[in-house]
Amino acid sequence: MTTHAPQAGQAVTLPTTLDEAVAALAAMPTAVPVAGGTDLMAAVNSGQLRPAALVGLGRISEIRGWQYQDGHALLGAGLTLARMGRPDFAALIPALAAAARAAGPPHIRNAGTLGGNIASAAPTGDALPVLAALEATLIVAGPGGARREVPVSHLLAGVEMLGAGELIGFVRVPLLHAPQVFLKATGRTGPGRALASVALVLDPARRGVRCAVGAIAPMPLRPLEAEQWVAQLIDWDNDRALVPEALSAFGEYVAAACIPDPAPEADGTVPSLPPAVLHLRRTVAALARRALGRALS
C-alpha cells in the first residue's frame, strides 16, 4: 500500500503474537503499529508522517479471525474488511458486513482492517457507526499480558485513550439475531467516502432500537431520545409493524437530534440552516427512515 521503501535506519519489527507486538511498541515508544496501512501509508506517501519505526501486525494470526463467546462474537482486530464482507460473516453481523462491503474499492477492502478502522477513528470510517449502534466493546492488550475492556464509544469520544504500548486486540460484539441495516450516502456512484451514514439494529430481547449516525461529526452520534420514542411505537409481540408516518417522523427526529437548528438570535428569531447543512440533514433523515423501514420489513 505504499510506493516508498522504509527510510534508512528505520526499524521494522514483525511480531507473530499480540504480546510480542505490545512488547515491541513498549520498547520503541516512537514506533507506529501498521496492519493494512490504508490510512498510515497515505500519510507517509503525502509526507505528513515519517515514523521512526514500524511494528507490522500482519503476521499475528490470533487477531485475524473470530470466535463465539457467551452470546457474543469476539472479532480479531486484524480482520480485513474484505473478509468481513463475505456471506458467512454477513450471516453473523449483517450491518458490519454491509459497512465492510461499502468501505471502498477492492484494494482498500483487502488491506484495511477492523482494528485500523477503529484506531484511526476517521469520521468517515464505515464500521464505526455500526460498532456504536451494536454497543461493541474493545479488548485492549497492554504490556505484561494485561488486558482491559473499553466501550468503543469511549475510545472514539476520547474518554479513554490507548496508552503507551497498548493495542486493540479484539472487538466483542453482541449477537442480537435480529435485523440490522447499514446505509450511507456518498458524493458519487459506487464505493466512496460517506457524506453521511446510518447504522440501525433491532434488539427484540430488550424491545429496543439502536441507531448511530456517522460521517457528520468527529464520532458517531447516537440519537437516544429518537431510539426510545420509536421503540415504544413498535408492535414487538406481533409483526413489528409501524405506520409510514412514524417512519418519516423517526427520520426527522434523528436528523434534528444530530443536526439541530441554530440557536435563537437575541431578538428570538431562529436563523435558517445553510443550504448545504439543510441538505445534509435531509440526507440523514432519509437514511434513518429507510434503515428503520428495512429493519422492520
Side-chain angles (χ1 to χ4, degrees), residues 1 13-25 31-40 54-104 108-122 125-156 160 162-163 165-176 180 182 199:
M1 294 301 298
T13 304
L14 300 173
T16 58
T17 69
L18 189 57
D19 286 333
E20 286 179 4
V22 167
L25 288 171
V32 176
V34 55
T38 54
D39 290 326
L40 173 67
L54 297 174
V55 176
L57 309 178
R59 296 185 180 180
I60 306 176
S61 59
E62 65 188 290
I63 62 172
R64 298 184 68 84
W66 71 80
Q67 56 186 293
Y68 302 100
Q69 186 182 80
D70 300 326
H72 292 70
L74 193 63
L75 312 178
L79 271 172
T80 65
L81 302 177
R83 183 66 189 88
M84 291 191 294
R86 294 181 187 175
D88 58 341
F89 191 93
L92 189 71
I93 311 173
L96 194 53
R101 290 192 295 266
I108 294 295
R109 299 197 303 272
N110 288 334
T113 63
L114 176 61
N117 216 233
I118 299 168
S120 61
D126 291 316
L128 304 186
V130 179
L131 296 174
L134 289 169
E135 297 181 348
T137 301
L138 308 177
I139 297 178
V140 176
R147 299 290 187 269
R148 67 184 179 98
E149 296 192 16
V150 181
V152 68
S153 58
H154 286 197
L155 186 70
L156 297 177
E160 295 187 53
L162 293 179
E166 287 190 324
L167 279 172
I168 299 171
F170 301 91
V171 182
R172 181 180 286 121
V173 177
L175 297 176
L176 300 177
Q180 305 174 8
F182 171 80

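Positions are given from 1 along the sequence.
A121 approaches L156 most closely through the heavy-atom pair CB-CD2, 4.1 Å. Considering every non-hydrogen atom in both P174 and L134, the closest pair reads CG-O, 3.2 Å. Nearest heavy-atom pair, F182 versus P129, reported as atom, atom and distance to 0.1 Å: CE1-CG, 4.1 Å.
To the nearest 0.5 Å, atoms NE2 (H72) and CZ (F170) are separated by 15.5 Å. Rounding to the nearest 0.5 angstrom, the gap separating the CG atom in L57 from the OG1 atom in T17 is 11.0 Å. In this structure, D126 CG and L131 CG are separated by 11.0 Å, a value rounded to the nearest 0.5 Å. Atom CG of L176 is separated from atom CD1 of I93 by 9.0 Å, given to the nearest 0.5 angstrom. Between atom OG of residue S153 and atom CG of residue L138 there is a gap of 9.0 Å, rounded to the nearest 0.5 Å.
Considering only residues two or more places apart in sequence or on other chains, R148 meets the salt bridge (charged side-chain N to carboxylate O under 4.0 Å, His left out) condition with E160, E166. Every residue two or more places apart in sequence or in another chain that forms a side-chain hydrogen bond (donor to acceptor under 3.5 Å, both in side chains) with E149 is listed here: R172. Partners of V22 according to the side-chain contact (heavy atoms from CB on, under 4.5 Å) rule, which considers only residues two or more places apart in sequence or in another chain, are A141, P143, L167.
Sequence neighbours left out, not one pair with a member in residues 73-82 passes salt bridge (charged side-chain N to carboxylate O under 4.0 Å, His left out). Every pair passing side chain to side chain donor-acceptor pair (under 3.5 Å) that includes a residue from residues 132-147 is listed here, sequence neighbours excluded: D19-R147, E135-R222. The side chain to side chain donor-acceptor pair (under 3.5 Å) pairs that include a residue from residues 111-121 are D39-S120, where partners are two or more places apart or lie in different chains.
Checking side-chain atoms of Q180 against main-chain N and O of A95 turns up a donor-acceptor pair under 3.5 Å.
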Distance-only criterion, 3.5 Å: show the donor-acceptor pairs between side-chain atoms of residues 73-90 and protein atoms not counting sequence neighbours.
unit_1 : atom_1 : unit_2 : atom_2 : d
T80    : OG1    : R83    : N      : 3.1
R83    : NH1    : D88    : OD1    : 3.0
R83    : NH2    : D88    : OD2    : 2.6

Would you be so kind as to tabulate the donor-acceptor pairs closer than 3.5 Å made by side chains of residues 58-67, with sequence neighbours excluded?
unit_1 : atom_1 : unit_2 : atom_2 : d
E62    : OE2    : L18    : N      : 2.8

Requested in this report: Tell me, with the steps shown, if L162 and I168 meet side chain to side chain contact (heavy atoms under 4.5 Å, CB included).
Outcome: CA-CA 8 Å; L162 293 179; I168 299 171; 4.1 Å; yes

